[in-house]
Each structure stands twice: as C-alpha cells, then as structure tokens.
Amino acid sequence: MNNPFLEQFQAWIAQSATSQDEGFSQQLSQMQSWMRQMQVHATDVAPNHVQKLSELARNSSEWVELLAQLTQAQAKGENAAQWADKLRHKLHQLNLNSLMTQATLPHQFLNLLITQPSTQTLATDTQSEMLSAMLLQLEQSPLKLKFASLRALLQSLIDWRNALDQMQSHLNQVSETAIEQFTLGADAESDKEALINLWVSCYDHAYRQAFNDQPMQIAQGALVNSLAQVQLNWQALVDEWVEALGVPSRSQMNQLIDALDQQRRRIRGLEQELQAIKHARDR
Amino acid sequence: MRSFKQQMQAHQKRLLQAIETLAALEQVKPSPSPSQVIMTADKVRLIHFAPTCQATGVKFKAPLLICYALVNRPYILDLEPERSLIADLVAAGHSVYLIDWGYPDTTDQHLGLDDYIGDYLRSCVSACLEHSNSEQLDLLGVCQGGVFSLCYSLLFPQQIRKLITLVTPVDTSVEGFTLAQMISAVNIETLVKAQGNVSGSVLNQLYANLKPLELGLYKQLNQLDNLKSSAQARTFLRMEHWLADSPDLTGRSAVEFATGFFKHNGLAKGTLHICGQPMDLSQLSLPILNIFGSKDHLVPPASSKALKSLAKSSSEYQELELKAGHIGAFVSQTSRNTLVSRLNQFRSS
C-alpha cells in the first residue's frame with residue numbers, strides 16, 4: 001500500500017504490539033486519536049469507500065472507549081455487580097440514542113429538545129416545564145384563537161416527549177430482562193465471541209418477547225403516532241406562514257398532486273382501452 | 001478470557017486488514033445477469049432474462065413471472081453471478097420475467113393495492129404472455145409480492161398455470177409475528193398524512209428494529225470479518241448497498257396493506273378486497289408450491305404455513321421448508337440449490 005497515513009498507522013500498530021502492559025491506557029488513547037485521524041484521511045486512504053471507512057473508524061473508536069472503561073473498572077477492582085451496573089447505564093443511554101436517531105423531527109426542534117449534540121441527555125425537566133409554560137400562556141392569551149396552530153404544535157411536542165419517556169422505560173425494562181438472562185447463562189471461562197453472541201441473543205429475545213404484550217405495542221404506537229402528529233402540526237404552521245408570503249403551501253401542492261393522479265388514471269385507462277382495441281384488431 | 005491488550009491487538013489486526021481491503025477495492029455495484037426491458041408502465045418495468053440452458057431445448061411449458069415486494073429492490077434476486085437466483089433459474093432453462101416496481105415519488109402517493117395488483121401487475125402478466133407467446137404463466141411471489149400473487153391468482157385464475165409463494169406472509173395473527181405487533185397500535189393514516197409516502201429509511205429502521213442488536217450494534221462490530229478479502233468485501237458491500245436502497249412506499253398502499261392485510265388479517269380472514277372483490281383463499285384451485293424459511297424472523301414460518309389450510313381447494317398443494325432466514329432463503333447457496341431443484345420439479349409437469 002502506498003498511502004503514507006496508512007503506513008504510519010501500520011507502523012504504530014506493530015510498535016504498540018511489543019510495548020509494555022503498563023502503557024496500555026496510553027495506547028487506548030492513541031488509538032482513539034488514530035481513529036479520529038482516519039476519518040479525516042478517509043478520502044485519501046480509500047477513495048472509493050470513504051463512508052464505509054469512516055464508519056469503521058467510528059465503530060472502532062466506540063469499541064476502544066468501551067475497552068478503556070472496562071480497563072479502568074478492572075484497575076479499580078470493581079466486581080461483576082458494578083460492571084453490570086455500568087452496562088445497565090450504557091444500555092439505557094444506547095436506547096435513548098437509538099430512539100433519538102430514529103426521530104424524524106423537523107430539525108428546528110432538535111436543538112430545543114436535545115441538550116448535547118451527541119444526545120447524551122434528552123430535554124431536561126426545565127425545558128419540558130418551559131414548553132408547558134409557553135402552552136399555558138398562549139391558552140390564557142386574549143389572542144388564543146390566533147395561536148391555535150402554535151398551541152397544537154406545543155401540545156404535540158409535549159405528547160411526543162411523554163411517549164418517548166414511556167418507550168424508553170419499556171426498552172430499559174428489556175435491558176434489565178436481558179441482563180438477568182445473560183447473567184444466568186454466562187460463563188466466565190467462555191470465549192469473548194461466545195459471550196457477545198449470548199448477549200445479543202438474550203437482548204433480541206427479550207425485545208421480541210416484550211412485543212408479545214400490549215403495553216409495549218401501545219408504547220410503540222404512541223411514539224410513532226405522536227411524532228407523526230408533531231410533523232403534521234409543524235406542517236400546518238409552516239402552511240400558514242408560506243400562504244401569508246404568497247408561496248404555494250404543502251396543502252396546495254397536495255391539491256396539484258390529486259389533480260395529477262386523476263389525469264394519470266385517465267391516461268392509464270385510455271392506454272388500456274387502446275391496447276384492448278389493438279389486440280382485438282390483431283386477432 | 002484473553003487480556004484486554006490481547007483483545008485490542010486482535011481488533012487492530014482485523015481493522016487493518018479491512019482498511020487495506022477497502023483501500024484497494026474499486027467502486028462496487030450490483031452485477032446483474034443479461035436482461036432486456038420489455039415493458040414500462042409509469043415507473044414499473046418488466047425485465048426478461050432469457051434461459052441460457054441450451055442442452056435440451058424448452059424444458060418448461062410456461063414462462064416464470066417473479067413478483068417481488070414493493071419494499072426493497074428486486075435485484076437482490078440477481079445481486080452478483082455467485083449469488084443470483086435468477087442466474088440459477090435461467091441456467092436451468094427457465095424463461096424468467098421480473099417486475100421492477102421502481103422508485104415511487106410524491107406524485108405516486110395515491111397509488112394503492114388496486115393499482116399495483118389490478119393495473120400494473122395485470123399489465124406485466126399480459127406483456128409476459130404476449131412476449132413469450134403463451135396462454136398462461138407460472139407466478140412466483142416473494143414476500144409481499146407473494147400476497148399480491150395470491151390476490152392476482154384469485155382475480156385472474158385463467159392466466160396463472162401454477163403459483164409459487166416464497167417467504168410470503170398469510171396469517172398475521174400468528175404468535176411471534178413481531179412486525180405485525182410493532183405496527184398494531186400505529187395510526188398509519190396519520191403517518192401517511194404527515195409524510196405523504198412512507199420513506200424507505202423509515203421502513204429500514206422498522207426492519208432493523210426487529211432484531212435491534214443483531215442487525216444493529218452486533219452487525220457493526222462484525223463488519224470487519226466481512227472485509228478480509230476483496231471477494232468477500234464485494235459481496236458484503238453489494239448487500240449493504242441493497243439494504244440501504246429502499247424505495248418509499250406509496251401512502252395509499254401503505255395504509256391499505258398495513259390496515260387491510262396486517263391489522264385486520266384480511267387475507268387469512270377473507271376480508272381483504274382488491275378491485276372490489278373479496279380475497280377468499282379457499283377459492284384458489286391452482287397448484288401451489290409454498291416455500292418458507294425456518295429461521296425467518298421477518299415472516300414467521302407459521303404465517304406462511306397457514307396457506308395450507310386456507311387454500312384448501314388447491315389441486316396440488318406442496319410445501320418446502322428451507323433452513324434459512326428471510327433473505328437467506330433465496331440468496332444463500334445451499335437454499336438456492338434446494339429451491340431451484342424443487343422449482344424445476346414443480347414447473348416441469
């Protein structure tokens with residue numbers, strides 16, 4: 001390979017393989033730095049697969065972070081119960097991250113609802129109180145009717161936040177069930193691969209089992225429905241603004257699409273009649 | 001357990017191997033078999049794959065029309081020469097036609113099941129019969145395409161000689177049908193009203209959520225093992241490309257399928273109506289080969305197997321259980337060999 005950055009990375013790996021155990025924490029830190037650099041140099045290293053290489057580097061970085069935490073825990077002499085507690089906390093965070101990355105909120109709201117870019121924490125209670133306070137003020141305002149769309153949007157954001165909390169609560173319960181099952185089935189002598197496979201199996205099984213029950217189904221439904229309602233209410237508000245500016249609104253575009261659909265059906269019908277006539281003629 | 005340092009070294013070795021593979025690899029795209037587009041209707045295309053078997057002339061009396069699902073793209077059946085059900089079929093002498101539903105956009109949001117089954121599928125069947133100079137064809141439906149094929153066979157039985165359903169859901173009330181459970185409380189009408197069409201990325205998230213760890217974090221961790229060599233990497237990246245290449249589902253078809261088929265279990269109960277007619281599986285009299293995967297997490301085998309008791313008038317009902325998952329049933333080498341062998345048998349009479 002001719003890439004200088006890649007050659008440097010390979011040389012560093014070869015060197016770190018022969019280094020003393022005492023420098024291991026420093027190696028982990030250096031590996032993180034290499035992975036950050038890998039993402040910067042991805043275009044040079046693998047020009048045809050930049051995205052995939054960046055993804056590998058990010059995944060590796062997370063894996064190294066986990067290893068660093070385990071190393072620290074071992075150095076502190078933490079026991080299995082403490083490790084399980086850390087795992088529990090990590091899983092709850094992963095659940096939240098997963099829910100947030102799947103939320104197709106209008107981007108204007110992401111900054112309002114997320115306190116850190118990496119979605120480490122959801123909206124704080126302070127922000128939720130702020131939303132509720134805004135809603136109350138608008139409802140008590142003499143211009144209450146004028147603010148109908150905005151009120152509906154705020155309410156749907158609050159509903160979505162509540163649905164998110166509910167879903168996260170269910171997912172956290174899934175994590176707890178999975179940890180219990182894993183603890184029962186894990187053997188300290190097992191190979192790392194076997195333990196990972198067991199964990200994946202326990203979690204996915206617990207997850208699917210949860211969906212056999214109505215509460216999880218209802219929570220899932222509430223999450224999707226409340227998010228759809230946020231999108232609808234946001235569109236209604238945007239429609240009001242663009243109409244005031246003289247720009248075609250989404251509802252007006254929908255009317256055009258309806259008209260186009262009717263025309264297309266008419267054309268398809270005519271095409272099929274023509275085809276039938278041709279067939280009859282050819283026979 | 002190995003020490004953390006040993007695990008780190010093992011990880012670094014795997015990572016470096018993967019990076020070197022990617023660094024040397026060309027851009028990877030699907031590598032399809034030779035074909036010809038014989039019909040287009042709006043965004044729908046009908047593609048013909050001519051048989052390559054020269055040995056004994058025409059082996060099969062009728063052409064084979066494959067009806068794939070609206071979700072995901074049909075080229076998974078012809079991903080690359082070493083993993084192509086279609087290539088295997090044409091090599092065995094089948095004249096294969098494949099429906100490509102295309103990529104719906106905003107202007108397609110009003111297309112519903114009547115349009116897909118009663119219009120586009122019907123046009124494809126007519127075009128296939130005309131192109132092959134045949135009176136009837138054999139229809140192979142994959143997953144949701146199997147549901148469409150069952151419905152079409154009820155609407156126009158005179159055009160279908162034999163029916164094959166592959167990993168096809170029939171009864172959505174069976175235990176463990178997680179996909180059905182996940183959408184049971186979802187108000188699809190509101191979702192469609194908000195989004196127009198249901199986006200491909202939302203559908204991908206839904207499928208990945210069926211096995212959140214195995215198809216999420218675990219898959220991410222194990223990617224390195226799929227990038228050890230160029231050949232392995234090409235297959236993996238083609239598969240990844242296909243997984244990400246998910247078309248939107250038109251709003252109306254999403255509402256009708258989610259409600260009529262899934263929530264109301266319409267096909268099993270006979271309450272699903274297509275083109276104004278009730279879909280009563282007990283009226284199906286043609287020969288049926290029902291193929292499913294024992295490890296299918298997307299469509300539980302029990303859901304597919306329900307066809308046996310429902311299609312009680314079928315003149316010849318057969319089943320084939322493959323030891324595979326939903327996609328593996330027609331992608332893995334072992335499954336394809338069994339599948340093609342059985343199709344040869346079923347279609348040759």
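Numbered from 1 within each chain, the chains take letters A, B, ... in sequence-line order. What you see is a predicted model, and the numbers here were worked out from it, not measured in a lab.
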No-hydrogen, no-angle side-chain donor-acceptor test under 3.5 Å, [X] and [Y]:
| X | Y | result |
| --- | --- | --- |
| A:Q220 | B:Q181 | no |
| B:Y218 | A:N197 | yes |
| A:N59 | B:Q220 | yes |
| A:Q262 | B:H110 | no |

For residues [X] and [Y], report the shortest heavy-atom separation together with the two atoms involved.
| X | Y | value |
| --- | --- | --- |
| B:I19 | A:F9 | CD1-CE2, 4.1 Å |
| A:L56 | B:A18 | CD1-CB, 4.1 Å |
| A:S16 | B:Q12 | OG-OE1, 4.1 Å |

Is it the case that the side chain of A:N48 and the backbone of B:V28 share a donor-acceptor pair, with hydrogens and angles ignored and the cut-off at 3.5 Å?
no
Examine distances only and state if a side-chain atom of A:R208 and a backbone atom of B:T178 form a donor-acceptor pair shorter than 3.5 Å.
no
Salt bridge present between B:D115 and A:R268 (N-O < 4.0 angstrom):
no
Hey, are A:D261 and B:R252 close enough for a salt bridge, meaning a charged N less than 4.0 Å from a carboxylate O?
no
For A:N225, run the side chain to side chain contact (heavy atoms under 4.5 Å, CB included) check against B:L191, B:V186, B:T190 and tell me which one passes.
B:V186
Worked verdict on A:H49 versus B:Q27 for side chain to side chain donor-acceptor pair (under 3.5 Å)
CA-CA 7 Å; A:H49 302 283; B:Q27 273 201 348; over 6 Å; no
Which one wins on heavy-atom pair count under 4.5 Å against chain B: A:Q235, A:E271, A:R264?
A:R264
Pair count under 4.5 Å, heavy atoms only, with chain B: among A:Q229, A:Q275, A:Q209, A:Q272, highest is A:Q272
Taking side chain as everything from C-beta outward and backbone as N, CA, C, O, which of these in A:F211 sits under 4.5 Å from a heavy atom of chain B? Side chain, backbone, both or neither.
both
Region of B:D119 that comes under 4.5 Å of a non-hydrogen atom in chain A:
both
Report yes if some heavy atom in the side chain of B:E214 is under 4.5 Å from a heavy atom in the side chain of A:Y203; otherwise report no.
no
